[in-house]
Protein chains: 2
Amino acid sequence: MSKAQPVTADSSDAGRSPAPKERRSKADQVYDDVKETILSGRLDPGAAIDKIEICDRLGVSRFPVTTAINRLAFERLVVIEPQHGSFVARISAHDIREYMLVRRALESEIAGEAAGRLSDGERLELSRNLRYQKAAASAKDMPGFYALDVAFHRIIVRSLDLSHASGILEGLRAHLERVRRMLLTPPGRLPKTCAEHAAVADAIVAGDKAKAREAMRAHLEQTTKLFETFVRERPDMFST
Amino acid sequence: MSKAQPVTADSSDAGRSPAPKERRSKADQVYDDVKETILSGRLDPGAAIDKIEICDRLGVSRFPVTTAINRLAFERLVVIEPQHGSFVARISAHDIREYMLVRRALESEIAGEAAGRLSDGERLELSRNLRYQKAAASAKDMPGFYALDVAFHRIIVRSLDLSHASGILEGLRAHLERVRRMLLTPPGRLPKTCAEHAAVADAIVAGDKAKAREAMRAHLEQTTKLFETFVRERPDMFST
DNA sequence: GTCTAGCGTCTGGCATGCTAGCGGCGGGGG
DNA sequence: CCCCCGCCGCTAGCATGCCAGACGCTAGAC
């Protein structure tokens with residue numbers, strides 16, 4: 001019933017602090033919100049996205065919502081069927097295979113590039129991360145280990161200044177995050193994963209580009225294989 | 001020079017056949033138009049994009065234009081400065097290096113994956129393409145050779161069914177296309193490029209994954225080196 | 001002469017009303 | 001009873017009007 005008008009104190013900022021925050025557009029906020037909703041699994045793959053509900057919930061008009069959905073469609077987290085509706089992208093085994101291939105390609109190339117280029121601070125960070133990984137593996141602390149795993153890969157990527165590649169990898173991570181939940185890693189794999197990470201780190205610190213590439217490829221190929229066995233066990237969880 | 005990806009039937013006889021209606025939105029049209037304008041160089045890097053002019057020229061409202069510009073900003077061909085303006089992205093040597101890294105990563109991984117998987121038809125296409133390349137190299141037909149070069153890489157990528165990776169590579173090609181114009185390949189390189197392509201094709205046909213990866217990496221590393229020498233010669237042509 | 005403050009203009013961001021096309025559902029005919 | 005067809009409601013797409021912020025220019029003060 002709000003008659004258009006500026007989004008001043010009462011309509012949009014209801015109960016919100018006058019944050020001197022970063023200059024984030026409303027489209028950005030909607031984008032983050034919807035993406036989080038999808039990744040958390042609160043919206044199942046294939047579910048219809050109700051734009052109006054989003055408008056009401058976030059107190060914005062349809063414009064920023066459309067912009068955000070378009071962005072999500074661009075990175076294939078949602079599919080838009082013209083004049084019909086917007087839906088959360090289904091998880092297809094074929095697509096996941098492809099995302100894993102792209103990740104394998106990028107991360108191995110980046111590992112090779114990072115070889116010998118790491119600063120002392122990053123080396124320390126890497127070795128500390130590995131120590132923590134071993135500790136988490138011993139304690140069978142899966143969530144902790146996962147966080148360290150993600151951090152490990154991020155340290156390497158961030159060591160170079162690759163905004164575009166980082167963006168692609170973050171996009172991939174969004175997709176792969178959706179399958180990780182089902183992909184319960186067998187407990188016995190943790191030490192192996194640790195060893196693979198250590199091999200990658202060693203090659204990078206030693207400055208051996210080819211070896212770093214291959215170590216990272218080998219590591220990520222393990223993940224791919226894990227996925228393939230899972231697909232054979234539960235083919236029902238994927239489309240096409 | 002071919003268009004984007006959709007492999008659907010082209011609009012050969014519009015207005016005659018009723019069924020294959022053009023399902024392209026206006027935003028898509030604007031996207032293609034502006035992208036083509038940027039890639040052709042009619043809009044210099046750093047130039048301001050006049051949305052109103054686009055609206056008038058294409059006879060659409062600001063909405064599809066904004067949508068298209070947003071998409072182009074997403075793939076970094078334009079940068080949007082909020083409340084100030086939209087500009088054609090400048091060409092920075094650092095970014096180009098990164099794009100080349102990503103391309104190297106993806107294409108080499110894909111070459112490895114394609115090894116042994118090519119159909120007979122694709123093998124024939126590849127060998128025919130190589131024959132033509134040799135002919136174009138002998139005749140010093142640079143434009144023809146370039147077209148064949150692009151086609152060569154496309155055959156390999158298309159042999160697998162990788163829509164996401166293809167999309168990324170097409171996006172990269174858009175950026176790299178902008179520098180290719182300045183990057184006048186020394187005439188002596190054509191036979192070498194041919195040989196590199198042949199090595200890639202041989203490894204793929206032989207089904208040797210590691211060899212195919214390495215051959216493709218080596219090939220694309222040559223391109224990177226060519227770029228680096230050019231940057232040293234003409235650092236003025238790049239920003240930052 | 002120089003620096004600064006204020007205003008004008010230009011741009012992107014947002015709200016909202018309207019249109020066209022797809023799908024589902026119910027009614028009518030076979 | 002079943003199938004087909006047309007109507008209705010839904011959605012994305014589009015047009016348009018308004019708002020707020022960022023530059024730039026100019027005029028006024030020091």
Side-chain angles (χ1 to χ4, degrees), chain A residues 1-14 16 18-34 43 46-89, chain B residues 6 8 18-34 43 46-74 76-89:
Chain A
M1 174 56 197
S2 62
K3 177 64 176 72
Q5 281 313 308
V7 270
T8 38
D10 60 284
S11 70
S12 166
D13 293 351
R16 190 170 288 179
K21 275 174 62 180
E22 182 62 41
R23 194 78 210 130
R24 292 181 61 69
S25 70
K26 295 193 178 180
D28 291 338
Q29 294 171 239
V30 176
Y31 170 84
D32 287 342
D33 181 277
V34 177
L43 267 173
I49 298 174
D50 189 344
K51 290 189 177 181
I52 306 299
E53 183 270 338
I54 296 172
C55 292
D56 294 344
R57 182 157 51 80
L58 299 182
V60 298
S61 83
R62 286 157 26 215
F63 184 97
V65 176
T66 298
T67 304
I69 299 292
N70 274 336
R71 237 185 281 176
L72 288 166
F74 201 85
E75 47 184 303
R76 304 185 176 232
L77 270 172
V78 313
V79 290
I80 299 176
E81 302 189 5
Q83 318 299 345
H84 177 41
S86 303
F87 306 88
V88 179
Chain B
T8 53
K21 269 290 186 73
E22 280 283 337
R23 288 255 11 120
R24 296 181 58 70
S25 68
K26 293 192 180 180
D28 291 339
Q29 294 172 238
V30 176
Y31 171 84
D32 286 343
D33 182 277
V34 177
L43 268 172
I49 297 175
D50 189 344
K51 289 189 177 183
I52 306 299
E53 183 269 339
I54 296 172
C55 291
D56 294 343
R57 183 157 49 82
L58 299 183
V60 298
S61 83
R62 285 157 29 214
F63 185 96
V65 175
T66 299
T67 303
I69 298 292
N70 275 335
R71 235 185 283 176
L72 288 166
F74 200 85
R76 302 184 177 236
L77 270 172
V78 314
V79 291
I80 299 177
E81 301 189 6
Q83 319 299 346
H84 180 209
S86 304
F87 306 88
V88 179

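Naming convention: chains lettered A, B, ... in sequence-line order (proteins, then strands); numbering from 1 in each chain.
- Atom-to-atom, CD of Glu53(A) to C1' of dC10(D) comes out at 16 Å; the value is rounded to the nearest Å.
- In this structure, Asn70(A) atom CG and dC14(C) atom C1' are separated by 15 Å, rounded to whole Å.
- In this structure, Thr66(A) reaches neither bases nor backbone, as no heavy-atom distance under 4.0 Å exists between it and the strands shown.
- Between Glu81(B) atom CD and dG13(C) atom P the separation is 11 Å, expressed in whole Å.
- Residues satisfying the side-chain hydrogen bond (donor to acceptor under 3.5 Å, both in side chains) test with Asp50(A), not counting sequence neighbours, are none.
- In this structure, Gly46(A) and Phe87(A) approach most closely via the heavy-atom pair O-CD2, 3.8 Å.
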Margin query: As a quick check of understanding, evaluate salt bridge (Lys or Arg N to Asp or Glu O under 4.0 Å) for Asp33(A) and Lys26(A), giving each step before the final call.
Written below: CA-CA 10 Å; Asp33(A) 181 277; Lys26(A) 295 193 178 180; over 6 Å; no
Identify each atom pair where a protein N or O and an N or O of nucleotides 15-17 of chain D are less than 3.5 Å apart, giving names and distance.
from, atom 1, to, atom 2, distance (Å)
dA15(D), OP1, Lys26(B), NZ, 3.2
dA15(D), OP2, Ser61(B), N, 2.8
dA15(D), OP2, Ser61(B), OG, 2.7
dA15(D), O5', Ser61(B), OG, 3.4
dG17(D), O6, Arg62(B), NH2, 2.7

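- Rounded to an integer number of Å, the gap from CZ of Arg71(A) to C1' of dA12(D) is 18 Å.
- Taking atom CD on Gln83(A) and atom C1' on dG9(D), their separation rounds to 14 Å, with Å as the unit.
- Atom pair Ile49(B):CD1 and dT11(C):P shows a separation of 12 Å (rounding to whole Å applied).
- Comparing Ile80(B) and His84(A) against DNA chain C, the residue whose closest nucleotide sits nearer the 5' end is Ile80(B).
- The interatomic distance linking Ile69(A) (CD1) with dA12(D) (C1') rounds to 11 Å, in whole Å.
- Note that CD1 of Ile69(A) is 5.0 Å distant from CD1 of Ile54(A), once rounded to the nearest 0.5 Å.
- By the side chain to side chain contact (heavy atoms under 4.5 Å, CB included) test, Thr66(B) pairs with Phe63(A), Lys51(B), Asn70(B), sequence neighbours left out.
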Next item on the list: Give the intermediate values and the outcome of side chain to side chain contact (heavy atoms under 4.5 Å, CB included) for residues Gln29(A) and Asp32(A).
Entry: CA-CA 5 Å; Gln29(A) 294 171 239; Asp32(A) 287 342; 5.9 Å; no
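- Atom-to-atom, CZ of Phe87(B) to C1' of dC10(C) comes out at 11 Å; the value is rounded to the nearest Å.
- Across all strands shown, Thr67(B) has no heavy atoms under 4.0 Å from either base or sugar-phosphate atoms.
- Listed here is the closest heavy atom pair of Cys55(A) and Val65(A): SG-CG2, 3.8 Å.
- Side-chain nitrogen and oxygen atoms of Ser86(A) include at least one within less than 4.0 Å of the OP1 or OP2 phosphate oxygen of dA12(D).
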